[in-house]
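Presented below is the structure to which this report refers.
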Amino acid sequence: MVKLVLVLGDQLTDTLSALRAADRARDLVVMAEVPDEASYVPHHPKKIAFFFAAMRKFAARLEGDGWRVAYTRFNDPHNTGSIPGELMRRAKQEGTSELLATQPGEWRLIEALDAMPLKLETLPDDRFFCTGTRFADWAKGRKTLRMEHFYREMRRESGFLMDGDKPEGGKWNFDHDNRKPAKDDLFRQRPPHFEPDEVSEEVLTLVERHFPHNFGDLRPFWLATDRKGARQALSHFIRHALPDFGTYQDAMLQRDKFLYHAVISPYLNTGLLTAREVCQAAEDAYRAGDVPINSAEGFIRQILGWREFIRGVYFLEGPDYPRRNRLNHRRKLPAMYWGGETRMNCMAHAVGQTQTDAYAHHIQRLMVTGNFALLAGVDPGQVHEWYLSVYADAVEWVEAPNTVGMSQFADGGVVGSKPYVSSGAYINRMSDYCGDCHYRVKDRKGERACPFNLLYWHFLNRHRDRFEGNPRMAQMYRTWDRMDECHRDTVLAEGDALLDRLGKGGVV
Ligand code: FAD
Ligand code: DLZ
Ligand code: SF4
């Protein structure tokens with residue numbers, strides 16, 4: 001019997017397990033642009049266009065390789081609107097009830113496929129280094145899950161940056177060398193921009209017509225939408241940015257959105273690039289003497305360590321994970337996240353480039369937009385929905401543990417051992433934002449005090465019961481307790497007033 005072979009928008013890899021298991025001469029690949037996927041959160045228009053264009057080109061490539069592909073376009077009058085709907089329609093057309101799928105990267109779709117009246121065979125997604133079972137074995141019996149321990153096992157198992165059974169360069173982690181602020185440099189290379197071709201242009205017109213009100217600029221559209229472009233972006237990064245990636249990983253600059261970052265997460269997460277080839281390219285550059293160890297290790301750790309760890313957590317913790325709210329935060333996400341007015345220069349820049357490019361790098365996501373939402377006590381569900389919407393690389397398995405876990409501590413400490421909170425001092429050290437800000441980063445109270453300074457202590461004070469006993473936070477509480485009581489009262493009262501203003505929709 002013919003089998004339907006489902007290929008989702010983030011499964012655009014020709015070695016996908018479902019394709020490997022299928023019979024090219026007999027089976028039918030099903031791909032579909034559907035309103036359910038395109039609007040379950042208000043995705044950034046660039047993200048929708050990126051997924052649709054990449055899907056169309058991947059389908060054409062499969063057809064060129066001899067596959068039969070049933071591809072549903074978004075505005076096809078027969079489009080049923082959902083992945084299960086399209087599968088049932090194709091099953092009826094083909095007179096089949098058999099479905100082959102690689103495990104979707106989201107619980108929502110796993111559950112939807114399980115509920116279908118088709119004979120479903122789900123295969124593991126072996127584009128990742130670590131399977132769900134392997135992660136569960138590693139996690140079993142551990143009181144806490146720490147990325148660093150997991151990462152070392154992944155290094156040993158994969159053989160990346162190993163010198164026999166020892167880590168290359170004598171250390172597992174070179175993060176200590178990776179904390180430098182960056183300076184403006186007109187000659188720093190930017191990631192390559194890809195002119196939309198005919199296929200992409202058609203998709204851009206479609207997105208313009210159907211998603212006119214979604215937050216974010218569709219044009220100029222510069223992402224690669226096929227494997228060739230994604231490979232070019234990777235080579236460009238390895239050659240021009242990787243050598244300095246480690247040293248300036250945490251830096252932020254007003255006039256440079258990308259610095260030395262790879263800007264390859266959309267390509268990795270859709271499957272246009274594989275994690276293995278990306279790590280291999282970084283290791284090769286190191287072995288050739290083109291890249292120092294702190295950068296090669298720092299970069300490989302992001303992929304082999306963080307990316308795999310995050311995925312393991314998502315599937316280990318179960319479908320309720322994105323809805324967790326251990327700190328019981330209830331505030332509505334402020335309008336500034338959707339482009340509303342703000343006097344905070346760091347927020348304006350992080351949100352501004354999110355709006356124009358559907359991209360912000362890790363430290364902007366974690367220590368600016370994430371830090372502010374956490375300090376202000378925003379509902380983590382709303383924060384999760386925002387991150388899932390606005391970035392071209394956002395798919396739930398990677399977005400949710402980063403947001404709900406790492407950034408908002410709403411999982412109570414599964415991903416991180418303490419909340420990532422900081423006052424303005426951190427942002428001032430790592431960026432050039434503060435010099436041009438309405439607020440004064442050195443002011444700890446008063447009209448112009450940096451909101452991060454006020455809310456940092458407000459957060460620690462209101463969550464004292466939970467965090468005081470955390471050895472990694474004890475020093476912060478000692479510092480707070482040593483402050484003059486009158487000063488503390490003022491800081492808390494001004495923090496209250498700021499939150500009140502935020503709650504009433506006022507500009508902060
Ligand atoms: P680089 O800084 O150049 O890093 C190289 C690669 O390492 C990335 O492409 C990515 O694949 C991987 N990587 C780095 N950090 C992480 C991490 N913490 N988790 C998983 N992979 C990582 N990443 C996503 O891919 N999708 C998301 O939806 C997403 N949401 C995030 C939400 C929050 C609140 C935070 C704090 C982080 C999030 N990240 C997400 C992780 C990280 O910010 C992005 O992977 C990174 O910014 C992508 O840009 P880049 O390719 O230039 O990365
Ligand atoms: C992100 C996205 C969008 C915008 N649209 C589609 C789509 O129309 N069809 C599809 O198969 N996939 C799409 N995707 C990616 C899916 O949402 C992704 O495959 C699931 O979230 C599982 O990770
Ligand atoms: Fe951000 Fe505060 Fe610096 Fe302004 S002063 S840019 S609000 S950290």
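Residue numbers run from 1 in the order of the sequence given. Whatever order the structure lists ligands and atoms in, that order sets their numbers, starting from 1.
- Side chain of N453 to main chain of K445: no donor-acceptor pair is present (N/O by atom type, distance under 3.5 Å, no hydrogens or angles).
- Of all atoms in ligand 1, listed by their number and element, those nearer than 4.0 Å to a heavy atom of I264 are 9 (O), 51 (O).
- Between K47 and ligand 2, a contact under 3.5 Å exists for no N or O pair.
- When hydrogens are left out, the protein atom nearest atom 11 (O) of ligand 1 is L268 CD1, 3.4 Å; that is the closest non-hydrogen contact.
- In terms of polar-atom proximity, defined here as any N/O pair under 3.5 Å, G9 does make such a contact with ligand 2.
- When only non-hydrogen protein atoms are considered, atom 23 (N) of ligand 1 lies nearest to V398 CG2, 3.7 Å.
- Between E106 and ligand 2, at least one N/O pair is under 3.5 Å apart.
- In terms of polar-atom proximity, defined here as any N/O pair under 3.5 Å, A32 does make such a contact with ligand 2.
- Ligand 1 places these atoms under 4.0 Å from at least one heavy atom of M406: 18 (N).
- For the pair R311 and F128, the cation sits on the ring face: its NZ or CZ lies under 6.0 Å from the ring centre, inside 45° of the axis.
- Residue contacts with ligand 1 do not include Y391, since none of its heavy atoms lies under 4.0 Å from the ligand.
- For R365 and Y387, the positive end is not near the middle of the six-membered ring at less than 6.0 Å and at most 45° from its axis.
- For ligand 1, the polar-atom distance check against W306 finds no nitrogen or oxygen pair separated by under 3.5 Å.
- For ligand 1, the polar-atom distance check finds no N/O of L366 at less than 3.5 Å from any of the ligand's N/O atoms.
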Discussion item. What verdict does the ring pair (Phe, Tyr, Trp, His ring centres under 6.0 Å) test give for Y420 and F409, after you've listed the backbone C-alpha separation in whole Å, the side-chain angles of each residue and the deciding distance to 0.1 Å?
Written reply: CA-CA 8 Å; Y420 279 93; F409 207 77; 9.4 Å; no
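- For a threshold of 3.5 Å applied to N or O pairs, the pair formed by W397 and ligand 2 contains no separation below that value.
- In this structure, the protein non-hydrogen atom closest to atom 19 (N) of ligand 1 is N402 ND2, 3.0 Å.
- For atom 3 (O) of ligand 1, the nearest protein heavy atom (residue, atom name, distance) is A262 N, 2.7 Å.
- Within the structure, the closest approach of F245 to ligand 1 falls below 4.0 Å when heavy atoms are considered.
- At under 3.5 Å, a nitrogen or oxygen of N269, whether backbone or side chain, sits near a nitrogen or oxygen of ligand 1.
- The closest approach between any non-hydrogen atom of A360 and ligand 1 is below 4.0 Å.
- When only interatomic distances are considered, the shortest N/O to N/O separation between T403 and ligand 1 does not fall below 3.5 Å.
- Shortest contact from atom 5 (C) of ligand 1 to any protein heavy atom: F299 CE1, 3.4 Å.
- In this structure, the protein non-hydrogen atom closest to atom 8 (C) of ligand 1 is S265 CB, 4.2 Å.
- Protein heavy atom closest to atom 43 (O) of ligand 1, with residue, atom name and distance, is H362 ND1, 3.0 Å.
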Practice prompt. Would you check, one step at a time, whether the test side chain to side chain contact (heavy atoms under 4.5 Å, CB included) holds for L366 with M406?
Written response: CA-CA 8 Å; L366 187 64; M406 187 188 300; 3.9 Å; yes
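- Contact annotation: for F52 versus ligand 2, heavy atoms closer than 4.0 Å belong to the side chain alone.
- At least one heavy atom of Y359 sits less than 4.0 Å from an atom of ligand 1.
- In this structure, Q11 contributes its side chain and T270 its backbone to no donor-acceptor pair below 3.5 Å.
- Here F245 and Y260 keep their ring centres 6.0 angstrom or further from each other.
- Residue-ligand proximity, Y387 to ligand 1, at heavy-atom distances under 4.0 Å covers atoms 32 (C), 34 (C).
- Under 2.8 Å from atom 2 (Fe) of ligand 3, one finds the following protein N/O/S atoms: C450 SG.
- Comparing heavy-atom distances from atom 29 (C) of ligand 1 across M147, R307, R365 singles out R365 as nearest.
- Proximity of F452 to M344: side-chain heavy atoms (C-beta onward) are separated by under 4.5 Å at one or more points.
- Contacts between M55 and ligand 2 below 4.0 angstrom, taking non-hydrogen atoms only, involve the side chain exclusively.
- In the model, T354 has a side-chain atom that pairs as donor or acceptor with a side-chain atom of Y391 under 3.5 Å.
- In this structure, F258 has its ring center closer than 6.0 angstrom to the ring center of W222.
- Given atom 22 (C) of ligand 1, the protein heavy atom at minimum distance is Q302 O, 3.8 Å.
- The ligand atoms of ligand 1 that sit less than 4.0 angstrom from a heavy atom of S407 are 34 (C).
- Side-chain contact of E297 with Y286: a donor-acceptor pair under 3.5 Å is absent, judged by distance alone.
- Checked against the 6.0 Å centroid criterion, the rings of W386 and Y337 qualify as a close aromatic pair.
- Between D393 and ligand 1, at least one N/O pair is under 3.5 Å apart.
- Considering backbone and side-chain N/O atoms, L8 never comes within less than 3.5 Å of an N/O atom of ligand 2.
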